[in-house]
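Numbering starts at 1 and runs along the sequence shown. Basis for what follows: all heavy atoms, side chains included, without hydrogens, waters or symmetry-related copies.
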Amino acid sequence: MDIRQIDETSKRYCKHSLWLTAALTFAVIIAVAVNWLDISLINALAVSVLYTVVINFAYGALWKCVARSAPGTMAKFYLAASAIRLITAALVVVIFCVISRNDKEAILNFVFVFFAFYLVMLIFDSVFFARIEKNNNLKIEK
């Protein structure tokens with residue numbers, strides 16, 4: 001993969017992840033407006049969106065750096081980045097639980113929304129980068 005393709009892929013990842021985050025946010029807001037979900041999800045939604053956007057942009061930037069400097073270590077990058085994402089997600093959940101320790105409903109709502117965002121973005125990352133790596137392998141074999 002050349003530098004131009006790496007830059008385009010990184011930009012495309014950030015753009016698609018931002019659109020997916022916006023779609024998830026919109027879906028939760030609609031569900032709250034239609035009374036399918038409780039209004040107390042707004043704090044959980046705000047934290048989940050902020051975490052998702054920050055982590056995704058950091059992931060995209062780090063992917064670009066690793067793809068440029070050491071493309072042979074991409075498998076290690078994917079493993080390390082997933083582990084870091086899991087650890088930071090656990091820290092966010094623990095911090096939220098400590099802050100709202102007496103409000104069990106808020107904690108459950110937060111964990112529900114945060115887990116939904118985390119799971120959707122995990123699936124998105126896996127599919128997006130699996131396609132990228134598959135295309136790279138096909139180009140190398142030709």
Side-chain angles (χ1 to χ4, degrees), residues 1-101 103 105-142:
M1 206 179 227
D2 66 353
I3 300 294
R4 185 183 56 79
Q5 288 175 323
I6 291 171
D7 289 342
E8 288 176 9
T9 301
S10 176
K11 287 177 186 175
R12 194 171 72 239
Y13 170 77
C14 290
K15 182 175 72 172
H16 289 179
S17 67
L18 190 60
W19 278 105
L20 185 57
T21 303
L24 286 169
T25 303
F26 186 68
V28 171
I29 288 172
I30 293 296
V32 167
V34 180
N35 289 329
W36 288 340
L37 297 175
D38 192 17
I39 191 71
S40 66
L41 290 175
I42 299 301
N43 288 338
L45 181 63
V47 173
S48 299
V49 168
L50 181 64
Y51 171 82
T52 302
V53 168
V54 169
I55 287 295
N56 286 344
F57 277 102
Y59 192 91
L62 288 173
W63 180 87
K64 182 168 68 170
C65 291
V66 172
R68 281 182 172 179
S69 62
T73 62
M74 292 307 291
K76 290 178 186 176
F77 168 76
Y78 294 131
L79 180 63
S82 294
I84 290 170
R85 181 178 286 205
L86 178 65
I87 291 168
T88 58
L91 283 173
V92 168
V93 170
V94 167
I95 289 169
F96 190 87
C97 290
V98 167
I99 289 172
S100 13
R101 71 186 102 153
D103 191 1
E105 183 180 339
I107 291 172
L108 288 175
N109 288 338
F110 174 76
V111 169
F112 170 73
V113 171
F114 191 81
F115 181 71
F117 272 80
Y118 182 85
L119 187 62
V120 168
M121 294 314 297
L122 188 65
I123 292 168
F124 167 72
D125 286 347
S126 299
V127 170
F128 185 88
F129 288 112
R131 286 183 180 171
I132 297 299
E133 293 301 323
K134 182 180 177 184
N135 289 340
N136 284 345
N137 290 340
L138 290 176
K139 289 178 185 177
I140 291 171
E141 290 176 2
K142 288 183 180 180

Which residue pairs pass the salt bridge (Lys or Arg N to Asp or Glu O under 4.0 Å) test with at least one member in residues 60-72, sequence neighbours excluded?
Asp7-Arg68
Of all residues at least two apart in sequence or in a different chain, which pass the side chain to side chain contact (heavy atoms under 4.5 Å, CB included) check with Ile29?
Thr25, Leu45
When the side chains of residues 75-83 are checked against the rest of the protein, which donor-acceptor pairs come out under 3.5 Å, sequence neighbours left out?
{"residue": "Tyr78", "atom": "OH", "partner": "Trp63", "partner atom": "NE1", "Å": "3.1"}
{"residue": "Tyr78", "atom": "OH", "partner": "Glu133", "partner atom": "OE2", "Å": "2.8"}
{"residue": "Ser82", "atom": "OG", "partner": "Tyr78", "partner atom": "O", "Å": "2.9"}

Rounded distance [0.5 Å steps], CG in Leu24 versus CZ in Phe124
11.0 Å
Which distance, rounded to the nearest 0.5 Å, do you find between the CG of Asn43 and the CD1 of Ile99?
10.5 Å
What pair of heavy atoms forms the shortest contact from Val28 to Phe117, and how long is it?
CG2-CE1, 4.5 Å
Leu20 and Met121 have their tightest heavy-atom pair at CD2-SD, 3.7 Å
Ring centroids only, cut at 6.0 angstrom: are Tyr13 and Phe129 within range, meaning strictly under it?
yes
With rounding to the nearest 0.5 angstrom, report the OG to CZ distance, Ser48 to Phe110.
5.0 Å
For Gly60 and Cys14, which heavy atoms make the closest approach, and how far apart are they?
CA-SG, 4.3 Å
So, the side chain of Ser100 versus the backbone of Cys97: is there a donor-acceptor pair under 3.5 Å, distance only?
no
Can you give me the closest heavy-atom contact between Phe96 and Ile107, atom names plus distance?
CE2-CA, 4.3 Å
Are any non-hydrogen side-chain atoms of Leu108 and Phe112 less than 4.5 angstrom apart?
no
Evaluate the criterion side chain to side chain contact (heavy atoms under 4.5 Å, CB included) for residue pair Ile132 and Arg12; output intermediate values, then yes/no.
CA-CA 11 Å; Ile132 297 299; Arg12 194 171 72 239; 3.2 Å; yes
Could you give the distance from OG (Ser17) to NZ (Lys15), rounded to the nearest 0.5 Å?
11.0 Å
Rounded to the nearest 0.5 Å, how far does OH of Tyr51 lie from OG1 of Thr88?
3.0 Å
Which value, rounded to the nearest 0.5 Å, describes the distance between Asn56 atom CG and Thr21 atom OG1?
5.5 Å
